[in-house]
Amino acid sequence: MTEDRLKTLESKTRYDPTEVEARIFAEWMEAGYFHPPAEGTPEENFSVAIPPPNVTGALHMGHALNGSMQDVLVRMNRMRGRNSLWILGTDHAGIATQSVVEKMLRAEGVSRHDLGREEFVKRVWEWREEYGSRIVEQYKRLGASCDYERERFTLDEGYVKAVYRVFKQLYDKGYIYRDNYIVNWDPGSHSAISDLEVENREVEDTLYSIDYPVEGSDQVLTVATVRPETMLADTAVAVNPDDKRYGDLVGRHCILPLVGRRLPIVADEHVDPEFGTGALKITPGHDPNDFEIGRKHGLEEIVAIGPDGRLTEEAGERFAGMTVAEAQEAVIAALREEGALRAEEPYVHSVPFSHRSGERIEPLISLQWFCRMDELAAPAIEAVESDQVRIAPSQWKRVYLDWMREIRPWCISRQLWWGHRIPVWYCDACEETIVAESEPERCGACGGELRQEEDVLDTWFSSAIWPFATLGWPDDTPELRAFYPTSFLTTAREILFLWVARMIMTGLEFAGDVPFRDVYVHSVIQARDGRRMSKSLGTGIDPLEEIDVHGADALRFGLLAMSSTQDVRYSDAKVQQGRDLANKLWNASRLILLNTAEVEAKPIAERIEDRWILSRLERTIASVSEKLDAYDFAHAAQEAYAFFWSELCDWYLEIVKPRLYEGEAEVSANLLWVLERTLALLHPIMPFVSEEVWSYHPSREGHLEVHSFPQADRSLFDDEAESKIGSGIELTRRLRAWRDMVEAPAATQLSCIVEGGAQPEEFVARLARFEFVENGGDPIAAVGPVKVLASAEIDAEAIAARLEKRREELRSEVARAEGKLANEKFVARAPAELVEEERTKLERYRAELEELAE
RNA sequence: GGGCGCGUAGCUCAGUGGGAGAGCGCUCGCCUCACACGCGAGAGGUCGCUGGUUCGAACCCAGCCGCGCCCACCA
């Protein structure tokens, strides 16, 4: 060790992550550990594809938790000697990115339409060059050991090729088609969006009842609606076929107020006779249910609301050009004037909103591209049913299957400029439609000019192929052969359908295998007050700030320790626990490294306390590894913590200090051994501090990052040592408690004797600050197997109180055991060893109580 | 409307058939030659409520009360 480093070790009593983390990360990058060769088979290797963050994104707690879990597994497997790849990349995030750049342009007073499509897309690329790597840099702060040399982007050249290949093949199979269909129109992003991007919110609206006169009679049909303006596009009225009230009206017509259109009265089972009057106005152009009913009955489809959210010519010139809200007001006023408005009442119901823009969805019929999902879903259902893909925790398996079994066509076109422009070309001359992986020059049929489809693909269409497209598919690359299928995927449940399900479908269809073997659905970290973390609510906690203050190791430990299977509130205490752990690791290591003799690190299981710590260490290794392998990160982290803090620091280090200070070789070898195994065990969870401490290890070269992950050595498990040292610890605790109880001053030397039986371990006297004597003095109290002798400086009353307290405890224990044993059924039916155990305890308590009798 | 999950110490959470646990906070005593981001000792809980199963229930079952999330086309 150089003078400098020795000095650091001697003088620095507090671990400073900020100084360490950047330096260590640079060392790992320099060494190229994160960039594995494309060799071996997917079974031998370990690989994970990161859920690609949006290029516009900034690292949030979800990423931090998700990233910590992936990094733990990747590092652990890398240390186990497996060729480990963590695929990194970003998502072009159509709507999100387009709106960020549009907003920027707006600040310059320019709209994207001013620029035109080509120039606008160029500007988005410029934006991406400048800001797109921000989140990647943030992953580095977390310590994520991704392969930064293989970074991908969903719009890079090779990726586009993969997307177009997929589109073409799905089209050729007849899964992708173009249709006029009712879609979720998002007036905010001026695009259609898929069902999964819609969220329903409870809204208080007004429910209006409107009279529709029946043609050729003075009867009226009263219909109820929360959207009176859509009546302008009504093309029928429906009643339930079993509804006796209206049986004779089916087949006749109503006259639509304000418009005068003749509306057929149809019978449809969808109509609930209990609701309102049992008559339902049908607007196929602007309501998903009505659309279904309309198609079933061959009704006319009128679209009266345009993509700009304003009423069109179809609504009649009286209303054309109005916004939806204006039209609603105008329609109500007009109906009132005509006396057709029968009633209005407040009405709470759920209404679709765009998850993207937050605006209320406007359902309308438009010409869009769809992908039929049934054929793709079938093998993806089978893959999960048969556990080729395992989903944990297990309840999510069923959620996945339920959704997949009800899957509906996916609207994949978006009216945006930023994204994969749909690879379809139209020939205006001969009306030919050409789908191709690259742009054709001329129409193959007539040689005419071609014009490319304006729409782009849903962003999720390209993320659906992430695990294999990032590895070079459709080419047969070494990466694909070495790392596909990937091993593991961890995700938030909110994208189980949006992303995970679709990856399984495309993986099976195009890459010939499932995309990953295990899916772990992690919990959600909520804000401190239990609300969801969100930028708009201002409830987000910035992981980078937490890293600045406490260090990446602290945040990683904290997140892993706090996150169990259920959602949890963000716990500052857990992150601090992580910070304290890093500090303690540094300090315990200082104690060891500065005091051990120059020996090789190795386990020497001779003395009882050495056997004890080795046994505890190996059991901890077994248990922590088992938990990590089962994705139980929280318990793994806390168990490693408990071993290091309580057993290693609080007990073993204190027990062996005298030997350590003497520079005893045996204890030195053991301590170095225990330290290095502990560091290696903790490294996947806290890579920085463990690597830093490792660099001071006198006899180990190279980085801990590529050292082997410990495997439990069961031959060191030692029940005898655990039991003996366990009783020593127990006795120490009781003696200390006794000291406190009688308020003995710290400096007071107390004595005790042991009558018969085995002599307690040496450390008991030292750590409890007692002296064990052979004989002499007045025994005044029994503490476990020892008797404390009288001393001038302790308070007699306190001793009496202590004795009484113990007697009380014993009496209650005796009563409990007696009660249990008096129960004949317990004795008869409980397992024999349990009954025996109870008898033994009872005898022991009775004996001690007798000894303490006044 | 359907589904999933949660109510355990002041707070945040583990535990899921045989004597209630952790971290933080709190109280008391310690700057003891690794660490005050520390050490030692404590206090603190009818395990939401009511029934049931069992020799035995925080844990299994049923009902109820509160809370959260997901899915769903009742205008």
Side-chain angles (χ1 to χ4, degrees), chain A residues 9-10 13-15 199-200 207-209 223-227 230 238 270-272 274-283 287-293 347 349-350 352 363 393 395-396 398-399 402-403 406 493-494 496-497 524 526 528 530 532 550 554 558 561-574 576-595 634-635 638 641-642 649-650 653-654 657 660-661 732-733 736-741 743 745-746 767-769 813 816-817 820 823-831 834-835 837-838 841:
Chain A
L9 207 51
E10 275 171 350
T13 61
R14 195 173 283 196
Y15 174 69
E199 60 177 9
N200 291 300
L207 184 67
Y208 298 96
S209 297
V223 298
T225 181
V226 289
R227 302 211 45 202
T230 64
H270 169 78
V271 181
D272 176 6
E274 306 290 317
F275 189 93
T277 61
L280 174 64
K281 71 190 259 312
I282 302 296
T283 322
D287 184 282
N289 302 318
D290 295 5
F291 178 82
E292 298 288 338
I293 294 172
Y347 187 68
H349 64 142
S350 77
Q395 66 260 34
W396 300 108
R398 236 193 69 202
V399 173
D402 287 349
W403 185 78
E406 299 284 317
R493 60 181 167 266
E494 63 186 28
L496 188 61
F497 307 144
V524 175
Q526 301 164 329
R528 291 179 256 255
R532 51 183 249 105
H550 304 296
M562 77 179 84
S563 154
S564 61
T565 53
Q566 65 164 311
D567 294 352
V568 288
R569 297 172 184 215
Y570 185 77
S571 165
D572 296 282
K574 282 281 186 297
Q576 273 187 41
Q577 194 181 345
R579 180 203 59 177
D580 294 348
L581 174 58
N583 185 248
K584 186 100 170 165
L585 214 43
W586 170 254
N587 279 296
S589 303
R590 287 174 58 227
L591 172 70
I592 294 169
L593 296 167
L594 289 170
N595 292 285
H635 289 106
Q638 299 193 75
Y641 172 93
C649 293
D650 288 349
L653 289 180
E654 295 304 329
K657 264 181 185 172
L660 179 62
Y661 290 143
T732 308
R733 285 213 169 101
R736 283 168 170 173
W738 195 86
R739 265 196 96 99
D740 251 43
M741 165 60 73
E743 294 176 359
L767 298 183
R769 280 170 295 141
E813 291 297 340
R816 191 192 56 76
K820 221 164 178 178
N823 182 346
E824 283 172 29
K825 287 179 176 166
F826 170 74
V827 178
R829 298 189 199 177
L834 225 116
V835 177
E837 201 180 308
E838 215 48 59
K841 282 184 204 164

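Quick note on labels: first sequence line is chain A, next is B, and so on, each numbered from 1.
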- C1'-based separation of G17(B) from A36(B) [nearest Å]: 44 Å
- Message: Quick check for you: to the nearest 0.5 Å, what is the distance between N583(A) atom CG and T13(A) atom OG1?
- Response: 8.0 Å
- Kindly indicate whether the side chain of H270(A) and the base of C73(B) share any N or O donor-acceptor pair separated by less than 3.5 Å? yes
- Expressed in whole Å, how much space separates the P atoms belonging to G66(B) and C26(B)? 35 Å
- C37(B) pairs with, by Watson-Crick or G-U criteria that keep both distances under 3.5 Å: none
- May I ask you to say what R736(A) touches in the nucleic acid, namely base, sugar-phosphate or nothing, with a heavy-atom cut-off under 4.0 Å? sugar-phosphate
- Using a cut-off of 4.0 Å on non-hydrogen atoms, how would the nucleic acid contact of A830(A) be classed: base, sugar-phosphate, or nothing? base
- Message: Within the 4.0 Å heavy-atom criterion, would you say R14(A) contacts the bases, only the backbone, or no part of the nucleic acid?
- Response: base
- Query: Of G276(A) and Y641(A), whose closest RNA chain B nucleotide lies nearer the 5' terminus?
  - Reply: Y641(A)
- Query: If you look at every strand shown and take non-hydrogen atoms under 4.0 Å, does N823(A) touch a base, only sugar-phosphate, or nothing?
  - Reply: sugar-phosphate
- Expressed in angstrom and rounded to an integer, what is the separation of W396(A) atom CH2 from C70(B) atom P? 9 Å
- Not counting sequence neighbours, which residues clear ring pair (Phe, Tyr, Trp, His ring centres under 6.0 Å) with Y570(A)? List them please. none
Report, one pair per line, the protein and nucleotides 44-47 of chain B atoms (nitrogen or oxygen only) whose separation is under 3.5 Å.
none

- Task: Assign K281(A) to base, sugar-phosphate, or nothing according to its heavy-atom contacts below 4.0 angstrom with the strands shown.
- Result: nothing
- Item | For R736(A), all residues meeting side chain to side chain donor-acceptor pair (under 3.5 Å), sequence neighbours excluded | none
- Item | C1'-based separation of C67(B) from C61(B) [nearest Å] | 23 Å
- Message: Roughly how many Å apart are U53(B) and C70(B), using the P atom of each and rounding to a whole number?
- Response: 39 Å
- Query: Is the W403(A) ring parallel, tilted or perpendicular to the F497(A) ring (thresholds 30°, 60°)?
  - Reply: parallel
- Query: For A9(B), which nucleotide in any strand shown is its Watson-Crick or wobble partner with both distances under 3.5 Å?
  - Reply: none
- Item | Shortest non-hydrogen contact from R579(A) toward A554(A) | N-CB, 3.3 Å
- The ring pair (Phe, Tyr, Trp, His ring centres under 6.0 Å) partners of H349(A) (sequence neighbours excluded) come to Y347(A)
- Item | Contacts of Q638(A) that satisfy side chain to side chain donor-acceptor pair (under 3.5 Å) - sequence neighbours left out | none
- C4(B) pairs with which nucleotide, Watson-Crick or G-U wobble, both distances below 3.5 Å? G68(B)
- By nearest nucleotide on RNA chain B, pick out whichever of A817(A) and D402(A) is the more 5' one. D402(A)
- Query: If you measure from the P atom in G48(B) to the same atom in U16(B), how many Å do you get, rounded?
  - Reply: 16 Å
- Protein heavy-atom contacts under 4.0 Å, written 5' to 3' over nucleotides 26-34 of chain B as B (base), S (sugar-phosphate only) or - (none), form the string --------B
- Message: Counting only side-chain heavy atoms from C-beta out, which of G40(B), G23(B), G18(B) sits nearest to P831(A)?
- Response: G18(B)
- Is H349(A) touching bases, backbone alone, or none of the nucleic acid, heavy atoms closer than 4.0 Å? sugar-phosphate
- Task: In whole angstrom, give the distance that lies between atom CG of N289(A) and atom P of C74(B).
- Result: 7 Å
- Message: Rounded to whole Å, please give me the gap between CD1 in I592(A) and P in C35(B).
- Response: 14 Å
- Query: Across all strands, who's sitting opposite C60(B) as a Watson-Crick or G-U wobble pair, both distances under 3.5 Å?
  - Reply: G52(B)
- Query: Which heavy-atom pair separates V568(A) from S563(A) by the least distance, and what is that distance?
  - Reply: CG2-CA, 4.2 Å
- Item | Sequence-distant partners of Y208(A), ring pair (Phe, Tyr, Trp, His ring centres under 6.0 Å), two or more places apart | none
- Message: How many whole angstroms separate atom CZ of R493(A) from atom P of G3(B)?
- Response: 19 Å
- Item | Whole-Å distance separating the CG atom of D580(A) from the P atom of A22(B) | 17 Å
- Would you give a per-nucleotide map of nucleotides 7-14 of chain B, 5' to 3', where B means the base has a protein non-hydrogen atom under 4.0 Å away, S means only the sugar-phosphate does, and - means neither? -----SSS
- For E199(A), which residues count as a side chain to side chain donor-acceptor pair (under 3.5 Å) partner, sequence neighbours excluded? R201(A), H355(A)
- Item | Polar side-chain atom of N587(A) near backbone of R14(A) as donor-acceptor pair, under 3.5 Å | no
- Item | Any strand: nucleotide that pairs with A14(B) via Watson-Crick or wobble, under 3.5 Å | none
- Sequence neighbours left out, what passes side chain to side chain donor-acceptor pair (under 3.5 Å) with H635(A)? Give chain and number order. D632(A)
- Counting Watson-Crick and G-U wobble pairs only, both distances under 3.5 Å, name the nucleotide matched with C73(B), or none. none
- Query: For atom C1', what is the distance between G7(B) and C49(B), given to the nearest Å?
  - Reply: 11 Å
- Message: Considering every strand and a 4.0 Å limit on heavy-atom distances, what is the contact class for V223(A): base, sugar-phosphate, or nothing?
- Response: nothing
- Item | Pairwise C1' distance, C64(B) and U12(B) [rounded to whole Å] | 28 Å
- Could you tell me the separation between the CG atom of N200(A) and the P atom of C69(B), rounded to a whole number of Å? 14 Å
- Atom CD of Q576(A) to atom P of C37(B): distance rounded to whole Å? 10 Å
- Message: Using the P atom as the point on both nucleotides, what is the distance between G45(B) and G52(B), in whole Å?
- Response: 28 Å
- With heavy atoms under 4.0 Å as the rule, sort Y15(A) into base, sugar-phosphate or nothing. nothing
- Query: What nucleotide, of G23(B), G38(B), C4(B), holds the atom closest to the side chain of R398(A)?
  - Reply: C4(B)
- Atom-to-atom span, CG of L280(A) to C1' of C74(B) - whole angstrom: 9 Å
- Query: Would L660(A) and L591(A) satisfy side-chain contact (heavy atoms from CB on, under 4.5 Å), going step by step from the backbone distance to the final call?
  - Reply: CA-CA 9 Å; L660(A) 179 62; L591(A) 172 70; 4.1 Å; yes
- Considering Watson-Crick and G-U wobble pairs with both distances under 3.5 Å, what does G45(B) pair with? none
- Query: Can you list every salt bridge (charged side-chain N to carboxylate O under 4.0 Å, His left out) pair that touches residues 561-572 of chain A, not counting sequence neighbours?
  - Reply: R493(A)-D567(A), R528(A)-D572(A)
- Partner set under side-chain contact (heavy atoms from CB on, under 4.5 Å) for P363(A), not counting sequence neighbours: I182(A), R227(A), P288(A), I361(A)
